[in-house]
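So the structure is just underneath, and the comments pick up after that.
Every chain is numbered from 1, with letters handed out A, B, ... down the list of sequences.
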Number of protein chains: 2
Amino acid sequence: MQKKTVKRRDAGASAPPSLQDERQANDGEGGASDQEIYERIITSIMEHRLPPGTKLGEDKLAKIFGVSRARVRQVLARLALERVVVLHPNRGAFVAEPTVEEAREVFEVRRPLEALVVRRIVAKKDPAIIARLRAHVEAEEAARAARDRRAIIRLSGEYHVLLAELSGSTLAARLMHELASLTCLIIFLYDAPTVPACRDQEHSEITQALADGDEATAIRLMTEHLEHVEACLDLSRGRPEELDLEAALAD
Amino acid sequence: MQKKTVKRRDAGASAPPSLQDERQANDGEGGASDQEIYERIITSIMEHRLPPGTKLGEDKLAKIFGVSRARVRQVLARLALERVVVLHPNRGAFVAEPTVEEAREVFEVRRPLEALVVRRIVAKKDPAIIARLRAHVEAEEAARAARDRRAIIRLSGEYHVLLAELSGSTLAARLMHELASLTCLIIFLYDAPTVPACRDQEHSEITQALADGDEATAIRLMTEHLEHVEACLDLSRGRPEELDLEAALAD
DNA sequence: TATCGATAAATTGTCGACAATAGCGATATT
DNA sequence: AATATCGCTATTGTCGACAATTTATCGATA
C-alpha cells in the first residue's frame, strides 16, 4: 500500500467559489479529493446526466472515482443534507426528485434572497464585479450558440450563485448554491418541452441594470426573471411517474 | 510502569464493553441515535453550555454518548455543514465563533425569510397554529419567570423555528433551524450585558397579530423584533478575543 | 538560563473487514 | 397455474485497527 497520495486538504471549511468544469482523468486510478468527487457528482446532476431517481451505489461510485467507499459515503451524506440526493435507509442514495410543493418553496425562498443579493451588489459599485458578471453571461451565450443545452442549464444556475458570491455574503452564497442545484433538478423534472430560451437575455439585462447601479430596475428584472422561469414550468401536475402511475391505475 | 514500547492499545486487556456506563450517555436505548446525538449537542450549544471555541474531541464525545467514534464523526460533519461547528483539518472540531460579518449576514437573511414565513402563516388562517404559538409563548414566559436564562435564549430561537415549521414550508423550516442556531451563538458572543428582556413581549405581540390575520402588522412587528435583537448586540467591535489580541499588540 | 531540536503522546484521518438488511429468485404447495 | 414462503445475493451500516499529523514534553547546547 505505497500510494504516494499527497493530498493537500486545505481549509475544509472554505468552499472554493470558483466553478470549474475540468474532467480530469481520475477515473479508475489515482484518488480524487472529497471536493472533486462532490463537484463531479453535483455537476452531473445539474447537467442531468444523472436524472432524478438514479441510484447512486456506493461501491460503483467508489470504483468510478478510484477511492474508498467511506469517502463516497461522506460526499453522499453532504449531498443528502443539501437535499440534492435522498437517502433511503438500507436502500442507498438516489438523486432527489423534488415534489411540486418543494419546487414552489424553492422559488418562494429564492425571490427575496435574490433581491437581497442584488441590493448588496448595487451597494458595492465595484466594476470588477460587473466585469465578472459580463464574462459569465458571455459564457452562457457561447453555450447557447453551441446548442449545449446541459451547459446552458448549469451556467444559468451558476449565474445566480456567482451573483451571490460576488455580493460578499458567504451565507447568501451558500444558500444560493443549494437552491440553484435544486432548481436545476426542478427544471429538468418539470420544464415544459418548449424551451423558452429567454433566460440568457434576462441575465444580460439584469447585469446591465447592476452596471447602471439601478437597484429598483435590477430587482424588478430579477423578480420577473424568476417568475418567468417558474412560469415556464409545469407545476400543475405531479411528478411524471406519479402521474403515469395514477393514470394507469385509473383505467 | 514498564511500558517502554507499547504500541498496541489493547495490551491492557481492560474490557471495553461496558465502560463509562450509560447513565446519562444515551437517552434510554442501548445506544444513542444520530439524531439524538445531534440534538444533544446542538441544544447544549444553543444553551451556551458549550461556549464558542470549545473543542469537541471525537473520542470524548464517543465516550460520553457511548457510541463509536464514526457516529460522532458523522454528527460533527453535519454540524459543520450547518456552520454551527468548524472543522480544522487534523485539529478537530470546535464550536463556531461567528464573526461580526457573519452575524450581520444572518440577520440580513433572516429578515426577508421571517417575513415570508409570516405571510404563509397568515394565509393559512389555522386556529391550531395560533394555539401552538400561544403555548410556546407561554413556555417562554414560564422560563422567564423561572429566571432560566439559557432556556429563554433557546426557546426564543425555537419560536421562530416553530413559526417556520407551522408555515408549512419544509425549506423555510430547515433554513430557519440553521439560522436560529447561529443566532443563539451570535447572541452569546455579542450580546450586551444588559438584557433587554423585551423579546417575550414581542413574540406575544407577533402571535396576536397573526391571530388577528393582520399581515402588515405582523410583518412590521417581526421586522422590528429582529432589528431590536440585532440592536441589542454589540457588533461595533470584533470578537472579544480578537479585540483583546489586537489591543494588546497595538501597545 | 533560555532557545532550539528531537522524541513522545494524543488526536484525527483513512481504510478494510464483518454484520445486518432489503430485494429477488427459486421452489413448493393449493 | 398462481401464489405464498423460504433462502440467496448484493448492497448498505457499523466498527475496530492502522497511519499520519499535530501538539506537548524533555533534553542538549550555546
Salt bridge (charged side-chain N to carboxylate O under 4.0 Å, His left out) filter on R120(A), not counting sequence neighbours, yields E108(B)

By side chain to side chain contact (heavy atoms under 4.5 Å, CB included), R78(B) pairs with (sequence neighbours left out) L81(A), Q35(B), Y38(B), E82(B)

Protein-nucleotides 11-13 of chain D N/O pairs under 3.5 Å:
| unit_1 | atom_1 | unit_2 | atom_2 | d |
| --- | --- | --- | --- | --- |
| dT12(D) | OP1 | E58(A) | N | 3.3 |
| dT12(D) | OP2 | E58(A) | N | 3.4 |
| dG13(D) | OP1 | N90(A) | N | 3.3 |
| dG13(D) | OP2 | R73(A) | NH1 | 2.9 |
| dG13(D) | OP2 | R73(A) | NH2 | 2.9 |
| dG13(D) | O5' | R73(A) | NH2 | 3.2 |
| dG13(D) | N7 | R69(A) | NH2 | 2.9 |
| dG13(D) | O6 | R69(A) | NH2 | 3.3 |

Sequence neighbours excluded, the answer for salt bridge (charged side-chain N to carboxylate O under 4.0 Å, His left out) partners of E105(A) is none

Sequence neighbours excluded, the answer for ring-ring contact (aromatic ring centres under 6.0 Å, His included) partners of H48(A) is F188(A)

Taken in chain and number order and not counting sequence neighbours, the residues that satisfy side chain to side chain contact (heavy atoms under 4.5 Å, CB included) with Q74(A) are D34(A)

Between CG of L61(B) and P of dT11(C) the distance, given in whole Å, is 12 Å

